[in-house]
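Model, not experiment: these values are computed from the prediction. Just so you know, these numbers use all the heavy atoms, side chains as well, and skip hydrogens, waters and symmetry mates. Whatever order the structure lists ligands and atoms in, that order sets their numbers, starting from 1.
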Amino acid sequence: MAEIDKNAYKGVWVYIEQVDGQARGVGHELLAQGRMLADKLGQELAGVIIGHNVEALAKEVFASGADKVYLVDAPELAHYSTDGYAAVFTDLIQTYKPTAILLGATNDGRDLGPRVSCRVSTGLTADCTGLDIDEKTGLIAWTRPALGGNIMATILCPEHRPQMGTVRPKVFKRPEQDFSRTGEIVRVASKVKAEDIRTKLVDVIRIATASVNLEEAEVIVAGGRGMCTPENFCLIDQLADVLGAAVGASRAAVDAGWKSALNQVGQTGKTVGPKIYFACGISGAIQHLAGMSSSDIIIAINKDPDAPIFKMADYGIVGDVMEVLPILTEEFKKI
Ligand code: FAD
């Protein structure tokens, strides 16, 4: 492959994933990280918005730190499609040549990122949990768990451009928004025609969930193998109910069939960042910590005083969850 002129690639881009004109939180989290990277590189930060009737989002993107927005707005792009969005994104990269692109490691981001990186012949670091500039090379240092979560690998992309990666939602905090910030909107015409999109959206069926969304929750009560039986797991549900919290589970609890995979927190589950995380009968394996260590306050309940979760916890209760949880539930009811 012919060597590319790396100096021709400038600027950090963040893909602003949106649904029905609402930006997903991860876009804002990545704008904060993108700002940090762009400042260290002395380059500009841009948000990429693709959709239909989505120009209003630009204001939010500037408020979260972007200098520029690339906007591609067309009726064919009203809903995410692999064909349509990958074609538009590839075209943007080939025209404007950014040095780095961050996408959320969401269902759409995990679909879009690799396809686009392949089309522009570059690599992509998937599922990152850390971002910085490598001081020696000035390259983006993408950090992610590797070898079953036993090591954190830092990956550089020295040969190709742009440097691309997907980043887990909720690993980073949303920035404080400043709505007095403004920027430049670059409107780019879509070359995608309706017939280029091989999949058609027929219907959207929303799953009604009784409980609070785990990824957005401010308080999570999570249970592990230490809950011992599915019947005991209702102690977790009861405390969560009183606190208006979401219910999480370790993989051991999910594998045992006590909770659905939708509740799993960790490396192969969800990454969460609540204000308070209760870890009940959870040992604190590295793969579990990978999904909840950015919680503001961690409260662990475990009968083993040497359980690794206590090293991470802000508050620890050494005791039997079957005794401690009902007491907590009763006490919180009084508040
Ligand atoms: P255990 O490790 O068995 O811990 C149970 C804890 O409960 C113990 O500390 C015990 O002291 C305590 N306990 C027992 N009875 C009581 C009681 N009555 N009262 C109080 N405490 C009690 N795990 C995840 O959670 N999420 C993931 O996404 C994930 N991904 C993985 C990916 C890979 C590639 C691999 C290899 C593993 C992954 N795991 C994941 C599994 C992980 O390694 C652990 O096996 C798992 O987290 C253990 O769950 P646990 O803490 O509930 O169970």
Side-chain angles (χ1 to χ4, degrees), residues 26 104-107 110 125-130 143-153 155 166-171 211 213-215 217 220-240 245-274 276-295 298-331:
V26 68
T106 58
N107 289 344
R110 284 174 167 154
T125 309
D127 254 5
C128 297
T129 54
T143 301
R144 53 153 299 158
L147 299 177
N150 289 313
I151 60 160
M152 297 304 281
I155 295 164
T166 58
V167 181
R168 284 186 158 220
K170 289 286 178 186
V171 171
S211 59
N213 178 351
L214 202 57
E215 281 152 309
I220 293 175
V221 185
R225 204 192 318 260
M227 297 311 298
C228 297
T229 66
E231 292 73 36
N232 289 339
F233 215 94
C234 73
L235 297 174
I236 298 282
D237 297 329
Q238 284 163 5
L239 178 59
V247 173
S250 72
R251 179 153 140 188
V254 170
D255 287 349
W258 304 343
K259 276 286 153 185
S260 128
L262 293 174
N263 296 83
Q264 185 177 317
V265 173
Q267 188 186 317
T268 39
K270 299 205 165 120
T271 306
V272 298
I276 307 177
Y277 188 89
F278 287 86
C280 312
I282 293 177
S283 59
I286 188 163
Q287 295 89 356
H288 188 79
L289 302 182
M292 45 65 83
S293 56
S294 63
S295 306
I298 297 169
I299 302 171
I301 309 167
N302 199 303
K303 68 177 184 187
D304 174 5
D306 297 324
I309 191 74
F310 286 128
K311 289 204 181 91
M312 172 71 70
D314 299 279
Y315 299 96
I317 302 173
V318 178
D320 187 329
V321 279
M322 314 315 162
E323 289 168 16
V324 177
L325 281 171
I327 295 171
L328 287 182
T329 304
E330 283 314 308
E331 288 304 313

Which bit of Ser250 is near ligand 1, meaning a heavy atom under 4.0 Å away: side chain, backbone, both or neither?
both
Flag, side chain of Asn302 to backbone of Ile282, donor-acceptor distance under 3.5 Å:
yes
On a heavy-atom basis, the closest approach of Pro326 and Leu235 is CG-CD2, 4.0 Å
Any donor-acceptor pair under 3.5 Å from Asn263 side chain to Val247 backbone:
yes
Checking the N or O distance criterion of under 3.5 Å, is ligand 1 in contact with Ala307?
no
In this structure, does ligand 1 have an atom that sits under 4.0 Å from one of the heavy atoms of Pro308?
no
Contacting atoms of ligand 1, where contact means under 4.0 angstrom from a heavy atom of Gln267:
27 (C), 28 (O)
For atom 20 (C) of ligand 1, the option (of Met322, Lys303, Arg225) bearing the nearest heavy atom:
Lys303
Would you say Gln264 and Ser250 make side-chain contact, with heavy atoms under 4.5 Å?
no
With a 3.5 Å distance limit and no angle check, can you tell me whether Ser283 reaches the backbone of Ala307 through a side-chain donor-acceptor pair?
no
Closer than 4.0 Å to some heavy atom of Val265 - which atoms of ligand 1 meet that?
24 (C), 25 (O), 26 (N), 27 (C), 28 (O)
Please determine if Gly269 has a nitrogen or oxygen closer than 3.5 Å to a nitrogen or oxygen of ligand 1.
yes
I need the atoms of ligand 1 closer than 4.0 Å to a non-hydrogen atom of Gly266, numbered in the order shown.
26 (N), 27 (C), 28 (O)
Proximal ligand 1 atoms for Asp304, defined as those under 4.0 Å from one of its heavy atoms
11 (O)
Which of the ligand 1 atoms, numbered from 1, are nearer than 4.0 Å to a heavy atom of Gln264:
26 (N), 27 (C), 28 (O), 29 (C)
Using distance alone, decide if ligand 1 has a nitrogen or oxygen within less than 3.5 Å of any nitrogen or oxygen in Gly281.
yes
Ligand 1 contact by Ile309, heavy-atom criterion under 4.0 angstrom:
no
Would you mind running through ligand 1 and noting each atom that sits below 4.0 Å from a heavy atom of Ala285?
42 (C), 43 (O), 44 (C), 47 (O)
Go through the steps to decide whether Asn232 and Trp258 satisfy the test side chain to side chain contact (heavy atoms under 4.5 Å, CB included), and finish with yes or no.
CA-CA 9 Å; Asn232 289 339; Trp258 304 343; over 6 Å; no
Relative to the heavy atoms of Gly319, which atoms of ligand 1 are at a distance of less than 4.0 Å?
19 (N), 20 (C)
Do the side chain of Ser294 and the main chain of Lys170 share a donor and acceptor less than 3.5 angstrom apart?
yes
Check whether any side-chain heavy atom of Gln267 sits under 4.5 Å from a side-chain heavy atom of Ile286, and report yes or no.
no
Any protein heavy atom at under 4.0 Å, with atom 45 (O) of ligand 1 as the reference point?
no
Under 4.0 Å from a heavy atom of Gly224: give me the atoms of ligand 1 that qualify, with their elements.
52 (O)
By salt bridge (Lys or Arg N to Asp or Glu O under 4.0 Å), Arg144 pairs with (sequence neighbours left out) none
Please collect all salt bridge (charged side-chain N to carboxylate O under 4.0 Å, His left out) contacts where either partner lies in residues 220-237, sequence neighbours excluded, each pair once.
Asp237-Lys259
